[in-house]
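Just so it is clear: chains get the letters A, B, ... in the order the sequence lines come, proteins before strands, and each one is counted from 1.
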Number of protein chains: 2
Amino acid sequence: MTLTARPIDPAPLAHDRVYRQLRLRIMHGDMPPGHALTLRGIGAEYRVSMTPAREAARRLVAEGALTMSNSGRIATPALSNDRIEELAALRALIEVELASRALPRAHLALIERLQNINAKVADAVAQRDAVSYIRTNLEFHRTLYLRAQAPAMLAMAETVWLQMGPTMSALYGRLRRTEPPQFHRLIIAALRAGDEPGLRLAVRSDVTQGLRMLAS
Amino acid sequence: MTLTARPIDPAPLAHDRVYRQLRLRIMHGDMPPGHALTLRGIGAEYRVSMTPAREAARRLVAEGALTMSNSGRIATPALSNDRIEELAALRALIEVELASRALPRAHLALIERLQNINAKVADAVAQRDAVSYIRTNLEFHRTLYLRAQAPAMLAMAETVWLQMGPTMSALYGRLRRTEPPQFHRLIIAALRAGDEPGLRLAVRSDVTQGLRMLAS
DNA sequence: GCCCGATTTTTGTGATCACAAGTTCGTATG
DNA sequence: CATACGAACTTGTGATCACAAAAATCGGGC
(Lines give C-alpha, C1' and ligand atoms only; values in the text may rest on other atoms or scores of the structure.)
Protein backbone atom coordinates (compact mmCIF):
# COMPACT_ATOMS: atom_id res chain seq x y z
CA MET A 1 0.00 0.00 0.00
CA THR A 2 1.14 3.56 -0.58
CA LEU A 3 1.93 5.83 2.29
CA THR A 4 -0.45 8.75 2.42
CA ALA A 5 -0.27 11.56 4.92
CA ARG A 6 -3.94 11.19 5.83
CA PRO A 7 -5.53 7.79 5.43
CA ILE A 8 -8.98 9.29 5.60
CA ASP A 9 -9.82 12.84 4.64
CA PRO A 10 -12.66 12.25 2.26
CA ALA A 11 -14.09 15.73 1.78
CA PRO A 12 -13.03 19.10 3.18
CA LEU A 13 -16.68 20.18 2.59
CA ALA A 14 -16.72 23.89 1.88
CA HIS A 15 -19.69 24.82 4.05
CA ASP A 16 -18.20 23.04 7.03
CA ARG A 17 -14.87 24.77 6.64
CA VAL A 18 -16.57 28.16 6.44
CA TYR A 19 -18.70 27.29 9.47
CA ARG A 20 -15.74 26.25 11.58
CA GLN A 21 -13.64 29.30 10.79
CA LEU A 22 -16.50 31.72 11.39
CA ARG A 23 -17.38 29.90 14.60
CA LEU A 24 -13.87 30.28 15.98
CA ARG A 25 -13.74 33.95 15.08
CA ILE A 26 -17.03 34.59 16.85
CA MET A 27 -16.30 32.48 19.92
CA HIS A 28 -12.88 34.05 20.39
CA GLY A 29 -14.24 37.56 20.20
CA ASP A 30 -12.73 38.53 16.87
CA MET A 31 -15.91 40.39 15.96
CA PRO A 32 -17.54 43.16 17.98
CA PRO A 33 -21.24 42.92 18.93
CA GLY A 34 -23.56 44.06 16.18
CA HIS A 35 -21.05 43.44 13.40
CA ALA A 36 -23.01 42.90 10.18
CA LEU A 37 -22.22 40.11 7.73
CA THR A 38 -23.46 39.38 4.22
CA LEU A 39 -23.67 36.04 2.48
CA ARG A 40 -21.86 37.35 -0.58
CA GLY A 41 -19.19 38.85 1.63
CA ILE A 42 -18.63 35.57 3.46
CA GLY A 43 -18.52 33.76 0.13
CA ALA A 44 -15.96 36.18 -1.25
CA GLU A 45 -13.82 35.96 1.88
CA TYR A 46 -13.64 32.18 1.84
CA ARG A 47 -13.67 31.79 -1.96
CA VAL A 48 -16.95 29.90 -2.12
CA SER A 49 -20.31 30.61 -3.66
CA MET A 50 -23.34 31.84 -1.78
CA THR A 51 -24.66 28.37 -1.05
CA PRO A 52 -22.02 27.20 1.45
CA ALA A 53 -21.91 30.68 2.94
CA ARG A 54 -25.65 30.52 3.49
CA GLU A 55 -25.48 27.12 5.15
CA ALA A 56 -22.67 28.14 7.48
CA ALA A 57 -24.51 31.33 8.42
CA ARG A 58 -27.78 29.55 9.04
CA ARG A 59 -26.06 26.98 11.20
CA LEU A 60 -24.50 29.72 13.30
CA VAL A 61 -27.84 31.49 13.57
CA ALA A 62 -29.40 28.24 14.81
CA GLU A 63 -26.76 28.06 17.55
CA GLY A 64 -27.28 31.67 18.58
CA ALA A 65 -23.83 32.70 17.40
CA LEU A 66 -25.40 35.10 14.91
CA THR A 67 -28.71 36.92 14.92
CA MET A 68 -31.00 37.40 11.98
CA SER A 69 -33.27 40.38 11.47
CA ASN A 70 -36.75 39.79 10.14
CA SER A 71 -35.48 40.79 6.73
CA GLY A 72 -32.79 38.12 6.82
CA ARG A 73 -29.83 40.33 7.59
CA ILE A 74 -27.24 38.59 9.77
CA ALA A 75 -25.01 40.12 12.42
CA THR A 76 -23.22 39.21 15.62
CA PRO A 77 -25.54 39.49 18.61
CA ALA A 78 -25.66 42.62 20.77
CA LEU A 79 -26.87 41.17 24.05
CA SER A 80 -29.04 42.94 26.59
CA ASN A 81 -28.02 42.88 30.23
CA ASP A 82 -30.85 40.48 31.01
CA ARG A 83 -29.65 38.12 28.33
CA ILE A 84 -26.10 38.28 29.64
CA GLU A 85 -27.30 37.45 33.13
CA GLU A 86 -29.21 34.48 31.77
CA LEU A 87 -26.25 33.15 29.84
CA ALA A 88 -23.99 33.55 32.85
CA ALA A 89 -26.51 31.61 34.94
CA LEU A 90 -26.54 28.88 32.30
CA ARG A 91 -22.74 28.76 32.34
CA ALA A 92 -22.84 28.40 36.12
CA LEU A 93 -25.38 25.59 36.00
CA ILE A 94 -23.81 23.54 33.23
CA GLU A 95 -20.12 24.13 33.92
CA VAL A 96 -20.39 23.42 37.64
CA GLU A 97 -21.95 20.08 36.72
CA LEU A 98 -19.26 19.40 34.12
CA ALA A 99 -16.48 20.19 36.60
CA SER A 100 -18.13 18.00 39.20
CA ARG A 101 -18.26 15.09 36.75
CA ALA A 102 -14.65 15.67 35.70
CA LEU A 103 -13.35 15.69 39.28
CA PRO A 104 -13.19 11.91 39.83
CA ARG A 105 -11.29 11.49 36.55
CA ALA A 106 -8.88 14.39 37.04
CA HIS A 107 -5.45 12.81 37.42
CA LEU A 108 -2.18 14.64 37.91
CA ALA A 109 -1.30 15.00 34.21
CA LEU A 110 -4.54 16.88 33.63
CA ILE A 111 -3.88 19.25 36.52
CA GLU A 112 -0.41 20.00 35.18
CA ARG A 113 -1.84 20.68 31.76
CA LEU A 114 -4.36 23.07 33.30
CA GLN A 115 -1.52 24.90 35.03
CA ASN A 116 0.33 25.29 31.75
CA ILE A 117 -2.77 26.68 30.07
CA ASN A 118 -3.33 28.98 33.01
CA ALA A 119 0.14 30.42 32.51
CA LYS A 120 -0.85 31.32 28.97
CA VAL A 121 -4.02 32.94 30.32
CA ALA A 122 -1.92 35.04 32.68
CA ASP A 123 0.29 36.08 29.76
CA ALA A 124 -2.72 37.17 27.73
CA VAL A 125 -4.02 39.20 30.67
CA ALA A 126 -0.63 40.83 31.19
CA GLN A 127 -0.47 41.82 27.54
CA ARG A 128 -4.08 43.01 27.57
CA ASP A 129 -4.84 40.84 24.52
CA ALA A 130 -8.58 40.26 24.69
CA VAL A 131 -8.76 37.64 21.95
CA SER A 132 -5.87 35.63 23.37
CA TYR A 133 -7.38 35.86 26.81
CA ILE A 134 -10.74 34.55 25.67
CA ARG A 135 -9.16 31.77 23.64
CA THR A 136 -6.85 30.50 26.37
CA ASN A 137 -9.50 30.90 29.04
CA LEU A 138 -11.92 28.76 27.04
CA GLU A 139 -9.12 26.26 26.43
CA PHE A 140 -8.68 26.00 30.20
CA HIS A 141 -12.33 25.27 30.77
CA ARG A 142 -12.70 22.91 27.83
CA THR A 143 -9.65 20.90 28.87
CA LEU A 144 -11.20 20.33 32.27
CA TYR A 145 -14.69 19.58 30.98
CA LEU A 146 -13.49 17.09 28.37
CA ARG A 147 -12.71 14.80 31.31
CA ALA A 148 -16.36 14.76 32.28
CA GLN A 149 -17.12 12.48 29.30
CA ALA A 150 -20.36 14.35 28.73
CA PRO A 151 -20.43 15.51 25.11
CA ALA A 152 -23.99 16.82 25.14
CA MET A 153 -23.32 19.00 28.17
CA LEU A 154 -20.05 20.24 26.71
CA ALA A 155 -21.82 21.13 23.48
CA MET A 156 -24.37 23.15 25.46
CA ALA A 157 -21.61 24.97 27.30
CA GLU A 158 -19.84 25.77 24.04
CA THR A 159 -23.08 27.09 22.59
CA VAL A 160 -23.29 29.52 25.50
CA TRP A 161 -19.66 30.57 24.97
CA LEU A 162 -20.46 31.14 21.32
CA GLN A 163 -23.37 33.41 22.14
CA MET A 164 -21.27 35.44 24.56
CA GLY A 165 -18.20 35.71 22.30
CA PRO A 166 -18.70 39.17 20.82
CA THR A 167 -19.95 40.59 24.12
CA MET A 168 -16.99 39.14 26.02
CA SER A 169 -14.70 40.73 23.49
CA ALA A 170 -16.25 44.13 24.04
CA LEU A 171 -16.13 43.69 27.82
CA TYR A 172 -12.54 42.52 28.11
CA GLY A 173 -11.43 44.92 25.42
CA ARG A 174 -11.97 47.86 27.76
CA LEU A 175 -10.54 45.97 30.69
CA ARG A 176 -7.48 47.45 32.38
CA ARG A 177 -6.49 44.95 35.03
CA THR A 178 -3.33 42.88 34.90
CA GLU A 179 -3.90 40.36 37.67
CA PRO A 180 -3.84 36.71 36.64
CA PRO A 181 -7.12 34.85 37.05
CA GLN A 182 -7.53 34.13 40.74
CA PHE A 183 -10.37 31.62 40.44
CA HIS A 184 -8.44 29.38 38.09
CA ARG A 185 -5.95 28.76 40.88
CA LEU A 186 -8.80 27.92 43.20
CA ILE A 187 -10.13 25.45 40.64
CA ILE A 188 -6.75 23.76 40.36
CA ALA A 189 -6.35 23.64 44.13
CA ALA A 190 -9.78 22.07 44.55
CA LEU A 191 -8.96 19.49 41.88
CA ARG A 192 -5.74 18.58 43.69
CA ALA A 193 -7.55 18.22 47.02
CA GLY A 194 -10.47 16.30 45.53
CA ASP A 195 -12.69 18.93 47.15
CA GLU A 196 -15.97 18.83 45.26
CA PRO A 197 -17.83 21.63 47.10
CA GLY A 198 -14.77 23.85 46.74
CA LEU A 199 -14.53 23.03 43.05
CA ARG A 200 -18.19 23.86 42.46
CA LEU A 201 -17.82 27.18 44.25
CA ALA A 202 -14.61 28.05 42.40
CA VAL A 203 -16.10 27.28 38.97
CA ARG A 204 -19.25 29.21 39.76
CA SER A 205 -17.22 32.19 40.92
CA ASP A 206 -14.99 32.11 37.87
CA VAL A 207 -17.88 31.88 35.48
CA THR A 208 -19.97 34.65 37.01
CA GLN A 209 -17.05 36.96 37.74
CA GLY A 210 -17.45 38.71 34.38
CA LEU A 211 -20.89 39.84 35.46
CA ARG A 212 -19.40 42.24 37.97
CA MET A 213 -17.70 44.13 35.19
CA LEU A 214 -21.10 45.03 33.81
CA ALA A 215 -21.80 47.22 36.81
CA SER A 216 -18.81 49.42 36.04
CA MET B 1 -58.70 51.66 6.09
CA THR B 2 -59.58 48.13 5.10
CA LEU B 3 -59.89 45.41 7.65
CA THR B 4 -57.24 42.77 7.15
CA ALA B 5 -56.93 39.63 9.23
CA ARG B 6 -53.22 40.13 9.80
CA PRO B 7 -51.82 43.63 9.64
CA ILE B 8 -48.30 42.26 9.28
CA ASP B 9 -47.46 38.92 7.77
CA PRO B 10 -44.83 39.92 5.27
CA ALA B 11 -43.40 36.59 4.20
CA PRO B 12 -44.31 33.04 5.19
CA LEU B 13 -40.73 32.11 4.23
CA ALA B 14 -40.72 28.55 2.90
CA HIS B 15 -37.67 27.29 4.73
CA ASP B 16 -39.00 28.55 8.04
CA ARG B 17 -42.35 26.88 7.54
CA VAL B 18 -40.67 23.58 6.70
CA TYR B 19 -38.39 23.97 9.72
CA ARG B 20 -41.23 24.63 12.13
CA GLN B 21 -43.37 21.75 10.95
CA LEU B 22 -40.50 19.27 11.00
CA ARG B 23 -39.46 20.56 14.41
CA LEU B 24 -42.89 19.93 15.88
CA ARG B 25 -43.09 16.47 14.39
CA ILE B 26 -39.70 15.55 15.88
CA MET B 27 -40.29 17.14 19.28
CA HIS B 28 -43.68 15.49 19.65
CA GLY B 29 -42.36 12.08 18.82
CA ASP B 30 -44.03 11.64 15.45
CA MET B 31 -40.90 9.97 14.09
CA PRO B 32 -39.18 6.91 15.56
CA PRO B 33 -35.45 6.99 16.35
CA GLY B 34 -33.25 6.33 13.35
CA HIS B 35 -35.90 7.39 10.84
CA ALA B 36 -34.11 8.47 7.66
CA LEU B 37 -35.01 11.62 5.74
CA THR B 38 -33.95 12.91 2.35
CA LEU B 39 -33.81 16.48 1.16
CA ARG B 40 -35.78 15.68 -1.98
CA GLY B 41 -38.34 13.82 0.11
CA ILE B 42 -38.80 16.76 2.45
CA GLY B 43 -39.07 19.09 -0.52
CA ALA B 44 -41.72 16.93 -2.14
CA GLU B 45 -43.69 16.62 1.11
CA TYR B 46 -43.86 20.37 1.69
CA ARG B 47 -44.02 21.37 -1.99
CA VAL B 48 -40.75 23.28 -2.03
CA SER B 49 -37.47 22.84 -3.83
CA MET B 50 -34.36 21.32 -2.33
CA THR B 51 -32.99 24.65 -1.13
CA PRO B 52 -35.49 25.37 1.67
CA ALA B 53 -35.53 21.69 2.58
CA ARG B 54 -31.77 21.77 2.96
CA GLU B 55 -31.83 24.87 5.14
CA ALA B 56 -34.52 23.46 7.41
CA ALA B 57 -32.65 20.17 7.73
CA ARG B 58 -29.34 21.85 8.45
CA ARG B 59 -30.94 24.02 11.09
CA LEU B 60 -32.40 20.97 12.80
CA VAL B 61 -29.05 19.18 12.60
CA ALA B 62 -27.43 22.18 14.26
CA GLU B 63 -29.92 21.91 17.13
CA GLY B 64 -29.36 18.18 17.54
CA ALA B 65 -32.88 17.34 16.38
CA LEU B 66 -31.45 15.39 13.45
CA THR B 67 -28.15 13.63 12.99
CA MET B 68 -26.02 13.60 9.90
CA SER B 69 -23.79 10.76 8.82
CA ASN B 70 -20.37 11.57 7.43
CA SER B 71 -21.82 11.10 3.97
CA GLY B 72 -24.49 13.74 4.62
CA ARG B 73 -27.45 11.45 5.16
CA ILE B 74 -29.89 12.80 7.73
CA ALA B 75 -31.99 10.84 10.21
CA THR B 76 -33.61 11.22 13.59
CA PRO B 77 -31.14 10.45 16.39
CA ALA B 78 -30.94 7.03 18.01
CA LEU B 79 -29.55 7.93 21.41
CA SER B 80 -27.27 5.78 23.52
CA ASN B 81 -28.14 5.25 27.17
CA ASP B 82 -25.25 7.50 28.20
CA ARG B 83 -26.57 10.27 26.00
CA ILE B 84 -30.06 9.88 27.42
CA GLU B 85 -28.69 10.15 30.95
CA GLU B 86 -26.83 13.30 30.00
CA LEU B 87 -29.88 14.91 28.45
CA ALA B 88 -31.99 14.02 31.48
CA ALA B 89 -29.38 15.61 33.73
CA LEU B 90 -29.47 18.74 31.56
CA ARG B 91 -33.25 18.83 31.81
CA ALA B 92 -32.97 18.57 35.58
CA LEU B 93 -30.42 21.38 35.79
CA ILE B 94 -32.13 23.83 33.47
CA GLU B 95 -35.76 23.14 34.24
CA VAL B 96 -35.32 23.24 38.01
CA GLU B 97 -33.81 26.68 37.56
CA LEU B 98 -36.61 27.76 35.24
CA ALA B 99 -39.26 26.57 37.68
CA SER B 100 -37.49 28.33 40.51
CA ARG B 101 -37.47 31.59 38.58
CA ALA B 102 -41.13 31.17 37.63
CA LEU B 103 -42.25 30.57 41.20
CA PRO B 104 -42.37 34.22 42.37
CA ARG B 105 -44.41 35.16 39.31
CA ALA B 106 -46.83 32.21 39.43
CA HIS B 107 -50.21 33.69 40.21
CA LEU B 108 -53.47 31.79 40.55
CA ALA B 109 -54.52 32.02 36.90
CA LEU B 110 -51.32 30.27 35.86
CA ILE B 111 -51.85 27.48 38.36
CA GLU B 112 -55.39 26.93 37.09
CA ARG B 113 -54.11 26.82 33.54
CA LEU B 114 -51.55 24.21 34.56
CA GLN B 115 -54.31 22.13 36.11
CA ASN B 116 -56.31 22.26 32.88
CA ILE B 117 -53.30 21.18 30.87
CA ASN B 118 -52.61 18.43 33.37
CA ALA B 119 -56.11 17.07 32.80
CA LYS B 120 -55.27 16.75 29.12
CA VAL B 121 -52.05 14.95 30.05
CA ALA B 122 -54.06 12.49 32.13
CA ASP B 123 -56.42 11.93 29.18
CA ALA B 124 -53.50 11.20 26.88
CA VAL B 125 -52.07 8.72 29.37
CA ALA B 126 -55.43 7.03 29.80
CA GLN B 127 -55.77 6.63 26.05
CA ARG B 128 -52.15 5.47 25.71
CA ASP B 129 -51.56 8.09 23.02
CA ALA B 130 -47.80 8.65 23.09
CA VAL B 131 -47.75 11.70 20.81
CA SER B 132 -50.57 13.44 22.68
CA TYR B 133 -48.89 12.65 25.97
CA ILE B 134 -45.57 14.14 24.88
CA ARG B 135 -47.25 17.20 23.41
CA THR B 136 -49.41 18.02 26.42
CA ASN B 137 -46.63 17.18 28.85
CA LEU B 138 -44.31 19.64 27.11
CA GLU B 139 -47.13 22.19 27.05
CA PHE B 140 -47.38 21.83 30.82
CA HIS B 141 -43.70 22.49 31.32
CA ARG B 142 -43.47 25.28 28.78
CA THR B 143 -46.46 27.08 30.27
CA LEU B 144 -44.75 27.11 33.64
CA TYR B 145 -41.32 28.08 32.33
CA LEU B 146 -42.64 30.94 30.22
CA ARG B 147 -43.28 32.72 33.51
CA ALA B 148 -39.57 32.63 34.30
CA GLN B 149 -38.97 35.35 31.69
CA ALA B 150 -35.75 33.62 30.68
CA PRO B 151 -35.87 33.06 26.91
CA ALA B 152 -32.31 31.77 26.55
CA MET B 153 -32.85 29.12 29.22
CA LEU B 154 -36.18 28.13 27.74
CA ALA B 155 -34.56 27.77 24.33
CA MET B 156 -31.93 25.48 25.83
CA ALA B 157 -34.61 23.37 27.50
CA GLU B 158 -36.53 23.09 24.23
CA THR B 159 -33.36 22.03 22.43
CA VAL B 160 -33.04 19.17 24.90
CA TRP B 161 -36.69 18.22 24.38
CA LEU B 162 -36.06 18.24 20.66
CA GLN B 163 -33.13 15.88 20.95
CA MET B 164 -35.11 13.48 23.11
CA GLY B 165 -38.27 13.56 20.99
CA PRO B 166 -37.87 10.39 18.95
CA THR B 167 -36.46 8.46 21.91
CA MET B 168 -39.32 9.57 24.16
CA SER B 169 -41.76 8.41 21.51
CA ALA B 170 -40.19 4.96 21.44
CA LEU B 171 -40.13 4.80 25.25
CA TYR B 172 -43.70 5.88 25.89
CA GLY B 173 -44.92 3.93 22.89
CA ARG B 174 -44.29 0.68 24.72
CA LEU B 175 -45.60 2.07 27.99
CA ARG B 176 -48.56 0.31 29.56
CA ARG B 177 -49.43 2.34 32.62
CA THR B 178 -52.57 4.40 32.96
CA GLU B 179 -51.88 6.42 36.09
CA PRO B 180 -51.97 10.19 35.68
CA PRO B 181 -48.66 11.98 36.23
CA GLN B 182 -48.07 12.11 39.96
CA PHE B 183 -45.23 14.65 39.94
CA HIS B 184 -47.25 17.24 38.05
CA ARG B 185 -49.60 17.40 41.02
CA LEU B 186 -46.63 17.86 43.32
CA ILE B 187 -45.42 20.71 41.12
CA ILE B 188 -48.82 22.40 41.29
CA ALA B 189 -49.03 21.92 45.04
CA ALA B 190 -45.58 23.42 45.55
CA LEU B 191 -46.53 26.38 43.37
CA ARG B 192 -49.64 26.99 45.47
CA ALA B 193 -47.67 26.80 48.70
CA GLY B 194 -44.81 28.94 47.41
CA ASP B 195 -42.53 26.10 48.48
CA GLU B 196 -39.35 26.51 46.47
CA PRO B 197 -37.41 23.47 47.74
CA GLY B 198 -40.48 21.31 47.18
CA LEU B 199 -40.90 22.73 43.68
CA ARG B 200 -37.29 22.03 42.79
CA LEU B 201 -37.57 18.45 44.02
CA ALA B 202 -40.87 17.87 42.22
CA VAL B 203 -39.55 19.19 38.90
CA ARG B 204 -36.37 17.17 39.21
CA SER B 205 -38.35 14.04 39.97
CA ASP B 206 -40.75 14.61 37.08
CA VAL B 207 -37.95 15.22 34.62
CA THR B 208 -35.81 12.24 35.59
CA GLN B 209 -38.68 9.84 36.05
CA GLY B 210 -38.46 8.66 32.45
CA LEU B 211 -34.97 7.37 33.16
CA ARG B 212 -36.37 4.59 35.32
CA MET B 213 -38.20 3.18 32.33
CA LEU B 214 -34.89 2.57 30.63
CA ALA B 215 -34.02 -0.09 33.18
CA SER B 216 -37.00 -2.19 32.11
C1' DG C 1 -28.97 74.00 5.55
C1' DC C 2 -32.27 70.25 6.14
C1' DC C 3 -35.60 66.90 5.08
C1' DC C 4 -38.39 64.08 2.11
C1' DG C 5 -38.97 61.16 -2.03
C1' DA C 6 -37.45 58.48 -6.10
C1' DT C 7 -33.90 55.75 -8.03
C1' DT C 8 -30.15 52.71 -7.75
C1' DT C 9 -27.70 49.27 -5.42
C1' DT C 10 -27.33 45.65 -2.26
C1' DT C 11 -29.05 41.51 -0.14
C1' DG C 12 -31.53 37.24 1.02
C1' DT C 13 -34.61 33.64 -1.01
C1' DG C 14 -35.83 29.93 -3.80
C1' DA C 15 -35.30 27.15 -8.06
C1' DT C 16 -32.59 24.51 -11.15
C1' DC C 17 -28.63 22.11 -12.76
C1' DA C 18 -24.18 19.42 -13.07
C1' DC C 19 -21.47 16.47 -10.56
C1' DA C 20 -19.43 13.15 -7.44
C1' DA C 21 -20.00 9.91 -3.95
C1' DG C 22 -22.78 6.60 -1.76
C1' DT C 23 -26.29 3.04 -1.78
C1' DT C 24 -28.93 -0.61 -3.69
C1' DC C 25 -30.11 -4.13 -6.51
C1' DG C 26 -29.33 -7.61 -9.91
C1' DT C 27 -26.49 -10.87 -12.03
C1' DA C 28 -22.91 -13.97 -12.70
C1' DT C 29 -19.47 -16.81 -10.87
C1' DG C 30 -17.25 -19.79 -7.48
C1' DC D 1 -26.50 -21.32 -2.34
C1' DA D 2 -23.47 -17.67 -1.07
C1' DT D 3 -20.54 -14.07 -2.37
C1' DA D 4 -18.43 -10.71 -5.13
C1' DC D 5 -18.69 -7.58 -8.85
C1' DG D 6 -20.86 -4.01 -11.53
C1' DA D 7 -24.51 -1.19 -13.24
C1' DA D 8 -28.34 1.80 -12.23
C1' DC D 9 -30.22 4.73 -9.11
C1' DT D 10 -30.37 7.81 -5.22
C1' DT D 11 -28.54 11.50 -2.57
C1' DG D 12 -26.03 15.59 -0.87
C1' DT D 13 -23.05 19.47 -2.49
C1' DG D 14 -21.99 23.60 -4.69
C1' DA D 15 -22.73 27.00 -8.41
C1' DT D 16 -25.61 30.08 -10.90
C1' DC D 17 -29.66 32.70 -11.91
C1' DA D 18 -34.06 35.40 -11.48
C1' DC D 19 -36.66 37.92 -8.37
C1' DA D 20 -38.48 40.79 -4.60
C1' DA D 21 -37.64 43.45 -0.79
C1' DA D 22 -34.80 46.26 1.93
C1' DA D 23 -31.14 49.59 2.35
C1' DA D 24 -28.41 53.20 0.64
C1' DT D 25 -27.72 56.98 -2.29
C1' DC D 26 -28.73 60.88 -4.69
C1' DG D 27 -31.61 64.71 -6.00
C1' DG D 28 -34.92 68.26 -5.52
C1' DG D 29 -37.87 71.20 -2.84
C1' DC D 30 -38.78 73.97 1.23
key: A/Leu39 side-chain proximity, nearest of D/dT11, C/dT13, D/dA15   = C/dT13

key: Closest nucleotide among D/dA15, C/dA15, C/dT11 to the B/Pro52 side chain   = C/dA15

key: Contact nearer the 5' end of DNA chain D, comparing A/Ser69 with A/Val48   = A/Val48

request  = Looking only at side-chain atoms of A/Ser71, point me to the closest of C/dT13, D/dA22, C/dG14.
outcome  = D/dA22

note = Between A/Lys120 and A/Thr136 the two heavy atoms that sit nearest each other are CB-CG2, 4.0 Å

request  = Examine the side chains of A/Tyr19 and A/Glu63 and answer whether a donor and an acceptor come within less than 3.5 Å of each other.
outcome  = yes

ask   = To the nearest angstrom, how far is B/Arg47 atom CZ from C/dA15 atom C1'?
value = 16 Å

ask   = D/dA23, D/dG14, D/dG12: which one has an atom nearest the side-chain heavy atoms of B/Arg73?
value = D/dG12

ask   = For A/Met153, does its backbone N or O pair with a side-chain atom of B/Glu86 as donor and acceptor, under 3.5 Å?
value = yes

ask   = Salt bridge check: are A/Arg135 and A/Glu139 linked by an N-O gap of less than 4.0 Å?
value = no

note = Between CG of A/Asn70 and P of D/dA20 the distance, given in whole Å, is 20 Å

key: Pair A/His107-A/Arg147, side-chain donor/acceptor within less than 3.5 Å   = yes

ask   = Tell me: CG of A/Asp16 to C1' of D/dG14, nearest whole Å?
value = 14 Å

inquiry  = At less than 3.5 Å, do the side-chain atoms of A/Thr51 and the base atoms of D/dA15 form a donor-acceptor pair?
reply    = yes

key: Distance in angstrom units between B/Met68 CE and D/dT11 C1', rounded   = 11 Å

message = For a quick check, tell me whether the side chain of A/Arg54 and the base of D/dG14 share a donor-acceptor pair closer than 3.5 Å.
response = no

ask   = Which whole-number value in Å describes the distance from B/His15 NE2 to C/dA15 C1'?
value = 14 Å

inquiry  = Given the structure, check if the side chain of A/Arg40 and the base of C/dG12 hold any donor-acceptor pair shorter than 3.5 Å.
reply    = yes

note = Taken to the nearest whole Å, CD1/A/Ile74 to P/C/dT11 is 11 Å

query = Between C/dG12 atom P and B/Leu13 atom CG, what is the distance in whole Å?
reply = 13 Å

inquiry  = Can you measure B/Ile42 atom CD1 to D/dT10 atom P for me and round it to whole angstrom units?
reply    = 17 Å

query = Which nucleotide in the set D/dA15, C/dG12, C/dT16 lies at the smallest distance from any side-chain heavy atom of A/Ser49?
reply = D/dA15

inquiry  = Heavy atoms only, 4.0 Å cut-off, all strands: where does A/Leu37 land among base, sugar-phosphate and nothing?
reply    = sugar-phosphate

